[in-house]
There are 2 protein chains.
Amino acid sequence: MSWSVSEVRRMSGVTSRTLRHYHHIGLLEPEDVDPGGRRRYGRRELRRLQRILLLRELGLGLAEIRRVLDDERDEVTALRGHLSTLEAERGRLDTLIETVRRTVDALEGDDVNAIRPEELFEGFDAGRYEERARSTWPEQWERARAATEEMSPEEADRMRAEAVERMERMAAHLRAGTPVDDPAVRAEVADLHRGLTRMWTPDAAAFAHLGRVYAEEGPWREVHEKVAPGLADYQRAAMEDYAHHVLAEDGER
Amino acid sequence: MSWSVSEVRRMSGVTSRTLRHYHHIGLLEPEDVDPGGRRRYGRRELRRLQRILLLRELGLGLAEIRRVLDDERDEVTALRGHLSTLEAERGRLDTLIETVRRTVDALEGDDVNAIRPEELFEGFDAGRYEERARSTWPEQWERARAATEEMSPEEADRMRAEAVERMERMAAHLRAGTPVDDPAVRAEVADLHRGLTRMWTPDAAAFAHLGRVYAEEGPWREVHEKVAPGLADYQRAAMEDYAHHVLAEDGER
DNA sequence: CTTGCGGTTGACGCGACGTCAAGATCTAAC
DNA sequence: GTTAGATCTTGACGTCGCGTCAACCGCAAG
């Protein structure tokens, strides 16, 4: 008793292409092939196909399925390994979904979540930092002061708005659990760095220091934390990573 | 101010291959290409790359990203669409994980979940059905009776064990939410059908009827429900589908 | 003899690149 | 000027599980 491709197709619902594929990769060989080259499947093959389909439905890859069926690799072990893969995947999806949802909310500007720059920087007093900046990098401080002085109010507003946008994007990375050395975060920090070069060009040490200043207790930190909890520290870590691995000459691999 | 491939790589962490890929598919064109053919990226391109990386991190495909960036397609709309895709995917994963977990439990034979055939068929009385079977298909009933009479006790045990295994597999399909016309379920039912042919060869009507008998109130149903709630009805549906679409000549497409 | 069915073997396509392989070009050292 | 070495280029194949043509072949019925 043996069955042709179309009979197997009718019985099991798999397409002939799938059967050919399984034959090709040696996962399911026909019982025999008649002189005309047509495949014939016996009872054993149908049982095997049945097991293949069950395991496939459970999400195992064909290579893994072959290992289970041929090497008689322990099915339970294989499935348990697969299970943790699946759970990790679901965890990834969970945070991804959460991140996308928040990003949508932020972009929508729901009035509730909307952060207006004026409000964010309200009561902001950089005075405390001026002193130190002036004494540590007097030249850069002078250039920065000159640059900000030349700015029109509209320009200043736009800069603040841009800063908020950057914070929002950074917060998205933070919520996604993206490591600080990920390309996307690197690109973001690189952009921040490029933005700063309009006033001065911080080297590795200065850039890392700036990150730490942002994260210190004080108005800078508050502004960041108002956008998202943990943002200040996250950004500091990202900036330090950038300083070490990108700006420092000896930091590259 | 422009940057070479390796500079961009250092800044953003993307590989040169990725940049070439994005160039190839027109997602990110270099600002210009010098006479030697080397790519150079400007500030605009870096900003674009940054947005690409953010959207990619949120799980969007490159085609979708291009649509958002070029046609200025609404970012929020795109993300919301994406969000529902992600949520559907997570739902799929949820049931998949649950199914795999239960399958592992069943295979492990945790003593707790182990269903011993003797126990399952304990107190089983097919007598109520014999009457009807004998009157409806007298010939087949006679063949079945003869076949079972010839069986050794070991054979009978093995048959019961096989029946339990089949029920377990069916239960896995049920819990996975697999539709009854899925290849994997078809293959399972086909196997059941082949098993029956050792005694007789039911046609479409008889096979569908057998499915309904299994699902009726009574010991057959109880045996199935003991393995998994809903199994009796699920199997009936699967058998009816098989009868209509596979066994019936006019049922195929 | 033709038509049609059911089967066959390639081969490309998908998505987002990784990974060689072979050659071209730029930079610094000699 | 030459040459080594770093950097960069363009192909092209591999991944995973098949879907989807395209072209052809053998067999039975009209």
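Residue numbers start from 1 in every chain, and the chains themselves are labelled A, B, ... in the order their sequence lines are given, proteins ahead of strands. What you are looking at is a predicted structure, and each value in this text was computed from that prediction instead of being measured.
- When rounded to the nearest whole Å, the span between CG of Leu27(B) and C1' of dA16(C) equals 11 Å.
- Here the C1' atom of nucleotide dG17(D) and the CG atom of Leu53(A) are 13 Å apart, to the nearest Å.
- Between Tyr22(A) and dG17(D) there is no side-chain polar atom (N or O) within less than 4.0 angstrom of OP1 or OP2.
- As rounded to whole Å, 12 Å separates atom P of dA12(D) from atom CZ of Arg20(B).
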Practice prompt. Could you walk me through whether Arg212(A) and Glu240(A) pass salt bridge (charged side-chain N to carboxylate O under 4.0 Å, His left out), step by step?
Written response: CA-CA 8 Å; Arg212(A) 288 191 293 273; Glu240(A) 284 187 342; 3.0 Å; yes
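- Nearest nucleotide to the Thr15(A) side chain, out of dC17(C), dT9(D), dG19(D): dG19(D).
- Taking atom CD on Glu64(A) and atom P on dG17(D), their separation rounds to 11 Å, with Å as the unit.
- Side-chain atoms of Arg38(B) and base atoms of dT7(D) include a donor and an acceptor less than 3.5 Å apart.
- Straight-line distance from the CD1 atom of Ile52(A) to the C1' atom of dC18(D): 14 Å, rounded to whole Å.
- Proximity of Arg56(B) to the phosphate of dC17(C): a side-chain N or O atom is located under 4.0 Å from OP1 or OP2.
- Nucleic acid contact class of Ser4(B) (heavy atoms, under 4.0 Å, all strands): sugar-phosphate only.
- Contact of Arg17(B) with dT19(C) (side chain to base): a donor-acceptor pair of N or O atoms is detected under 3.5 Å.
- Among the protein residues, Gly37(A) comes within range of the sugar-phosphate backbone only, with heavy atoms under 4.0 Å from sugar or phosphate atoms but none that close to a base.
- A salt bridge does not link Arg40(A) with Glu31(A): every distance from a Lys NZ or Arg NE/NH1/NH2 to an Asp or Glu carboxylate oxygen is 4.0 Å or more.
- Residue Ser6(B) places at least one side-chain N or O under 4.0 Å from the OP1 or OP2 atom of dC8(D).
- The interatomic distance linking Tyr41(B) (OH) with dC8(D) (P) rounds to 11 Å, in whole Å.
- The CG-P distance, from Leu28(B) to dA16(C), rounds to 15 Å in whole Å.
- For Val5(B), counting side-chain heavy atoms from C-beta on, the closest listed nucleotide (dC17(C), dG17(D), dT9(D)) is dT9(D).
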